[in-house]
Peer 1: 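The structure is given below, and queries will be raised subsequently.
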Amino acid sequence: MTQDWDAGRLDSDLDGAAFDTLAVRAGQHRSPEGEHGEALFLTSSYVFRSAADAAARFAGEQPGNVYSRYTNPTVRTFEERIAALEGAEQAVATSSGMSAILSIVMSLCSAGDHVLVSRSVFGSTISLFEKYLKRFGVEVDYVPLADLNAWRSAFRPNTRLLFVESPSNPLAELVDIAALAGIAHEHGALLAVDNCFCTPALQQPLRLGADIVMHSATKYIDGQGRGLGGVVAGRKAQMEQVVGFLRTAGPTLSPFNAWLFLKGLETLRIRMQAQSASALQLALWLEQQPQVERVYYAGLPSHPQHELARHQQSAFGAVLSFEVKGGREAAWKVIDATQVISITTNLGDTKTTIAHPATTSHGRLSPQERANAGISDSLIRVAVGLEDLADLKADLACGLAAV
Ligand SMILES: *Cc1c(COP(=O)(O)O)cnc(C)c1O
């Protein structure tokens with residue numbers, strides 16, 4: 001059998017292919033050059049065969065690239081691969097996770113629309129809504145993530161969009177995505193899910209009924225802490241509006257970062273599975289340590305939403321947090337005594353990271369706001385990487401011994 005390149009065969013024409021095949025091959029166009037890897041198109045613009053060709057491409061009458069703020073072949077490959085992995089009709093890449101959230105709201109909401117956001121979202125997501133989107137007349141309320149009755153009673157006639165992160169950071173709370181999608185649709189609203197912590201390898205919100213899924217590709221999709229980027233995926237009707245905003249406003253993804261993320265996607269599932277397996281072992285071990293008061297990880301049978309996590313996700317993710325006895329002083333001692341683990345607030349890397357949320361990611365909140373968010377002074381967050389599990393345990397044991 002020959003492979004028909006000239007017919008523009010896509011590897012994404014892999015109808016029925018499984019996740020691992022799509023993660024390695026979806027979106028790659030086999031070109032006459034026959035390159036094996038994904039080609040990196042470092043070009044801002046494209047040439048046309050004639051003035052008429054240019055006119056037809058600008059008018060959208062003929063397919064083809066015009067300018068890299070609109071489309072770029074490397075970015076397109078990344079978008080098609082994400083769409084295949086999330087089960088989306090279309091995906092569109094953005095310059096960062098934050099610009100993915102910005103483009104969702106800018107393209108789907110107008111002044112006077114009401115948005116419901118889960119309380120425990122990423123810090124900059126709250127700042128985006130509070131400091132900027134509210135100035136343009138978007139109304140915002142915050143709802144405790146897991147409480148479906150609270151969601152039901154928060155709707156107003158103008159509620160247009162629900163935005164959630166599940167599982168949440170750093171306390172690993174979940175929401176029943178299928179149930180929340182049902183509630184959103186009863187009220188004529190759309191449900192958007194920030195799927196950064198699970199990635200499509202562990203959870204596919206669109207298949208559970210969500211309308212839009214987004215990522216900070218900076219985290220697990222890249223997986224090795226090299227570049228910033230984001231992506232939004234969903235149905236064509238909504239994605240066309242998001243594309244329209246991005247093309248005009250410009251927070252689109254660099255082709256170089258798209259190329260990095262394509263390489264990241266090839267190993268996404270095995271990284272997520274290995275990092276989740278280590279996180280579970282560490283969480284079980286931490287629960288046994290006398291200096292540890294409480295561990296937050298949905299993989300633990302003691303987690304109140306363990307059953308939901310088991311059927312909504314294929315693994316529990318690689319982020320866990322725990323409280324030590326002795327408040328901020330003890331927490332800092334644990335962090336400072338580690339030798340292998342990096343002290344940084346980043347996550348999604350093959351390198352394990354450790355952070356003190358109360359004085360970093362949540363440091364600008366008032367003590368009352370922090371208490372409402374459940375972030376105590378003794379809380380430590382660990383984003384588990386790919387180092388040897390015994391070495392990670394030994395490093396944390398060293399930290400705990402310092403208390
Ligand atoms: C990091 C992060 C973001 C923001 O992504 P950037 O790529 O840093 O802009 C959004 N949501 C979650 C859950 C994140 O962890």
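Counting starts at 1 for both ligands and their atoms, in listed order.
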Peer 1: Evaluate T218 for polar contact with ligand 1, using N/O atom pairs at a separation under 3.5 Å.
Peer 2: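 Yes.
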Peer 1: Hey, does G97 come in under 3.5 Å of ligand 1, counting only N/O atoms on both sides?
Peer 2: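 Among all N and O atoms of G97, at least one is under 3.5 Å from an N or O of ligand 1.
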Peer 1: Under a 3.5 Å threshold, yes or no: a donor from one side chain and an acceptor from the other, between Y142 and S120?
Peer 2: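 Judged by distance alone, the side chains do not pair up.
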Peer 1: Who's the nearest protein heavy-atom neighbour of atom 9 (O) of ligand 1, and how far?
Peer 2: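 For atom 9 (O) of ligand 1, the nearest protein heavy atom is M98 N, 2.9 Å.
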Peer 1: Give the ring-plane orientation class for F155 versus H187, where under 30° counts as parallel, over 60° as perpendicular and anything between as tilted.
Peer 2: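 Rings of F155 and H187: parallel, under 30°.
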Peer 1: Does either side chain, that of E287 or that of S302, offer a donor lying less than 3.5 Å from an acceptor on the other one?
Peer 2: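 Result is yes, a qualifying pair exists.
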Peer 1: Treating R370 as the side-chain partner and T359 as the backbone partner, does any N or O pair qualify as donor plus acceptor under 3.5 Å?
Peer 2: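 Such a contact is absent between R370 side chain and T359 backbone.
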Peer 1: Ligand 1 and F122, any nitrogen or oxygen pair closer than 3.5 angstrom?
Peer 2: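 Between F122 and ligand 1 (N or O atoms, distance only) the closest approach is not under 3.5 Å.
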Peer 1: Under a plain distance cut-off of 3.5 Å, with no hydrogens placed, do Y296 and E323 share a side-chain donor-acceptor pair?
Peer 2: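 Yes, side-chain donor-acceptor contact under 3.5 Å.
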Peer 1: Quick one about R25 and T21 (side-chain donor to acceptor, distance below 3.5 Å, no hydrogens or angles considered), yes or no?
Peer 2: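 Side chains of T21 and R25: no pair found under 3.5 Å.
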Peer 1: Establish, from distance only, whether the side-chain atoms of E139 and N158 form a donor-acceptor pair under 3.5 Å.
Peer 2: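 Present: a donor and an acceptor within the cut-off.
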Peer 1: Could you list the atoms of ligand 1 found under 4.0 angstrom from a heavy atom of G229?
Peer 2: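 Checking each atom against G229, I get 7 (O).
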Peer 1: Quick one: does S99 get a heavy atom under 4.0 Å from ligand 1?
Peer 2: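 The answer is no, since S99 has no heavy atom less than 4.0 Å from ligand 1.
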Peer 1: Out of A383, S216, P251, who gets a non-hydrogen atom closest to atom 5 (O) of ligand 1?
Peer 2: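 Shortest heavy-atom distance from atom 5 (O) of ligand 1: S216.
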Peer 1: Could you check atom 14 (C) of ligand 1 against the protein and tell me its nearest heavy-atom contact, residue, atom and distance included?
Peer 2: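 Of the protein heavy atoms, K219 NZ, 2.9 Å lies nearest.
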Peer 1: Could you tell me whether D194 and ligand 1 have an N or O pair separated by under 3.5 Å?
Peer 2: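 Yes; the residue has a nitrogen or oxygen that sits under 3.5 Å from a nitrogen or oxygen of the ligand.
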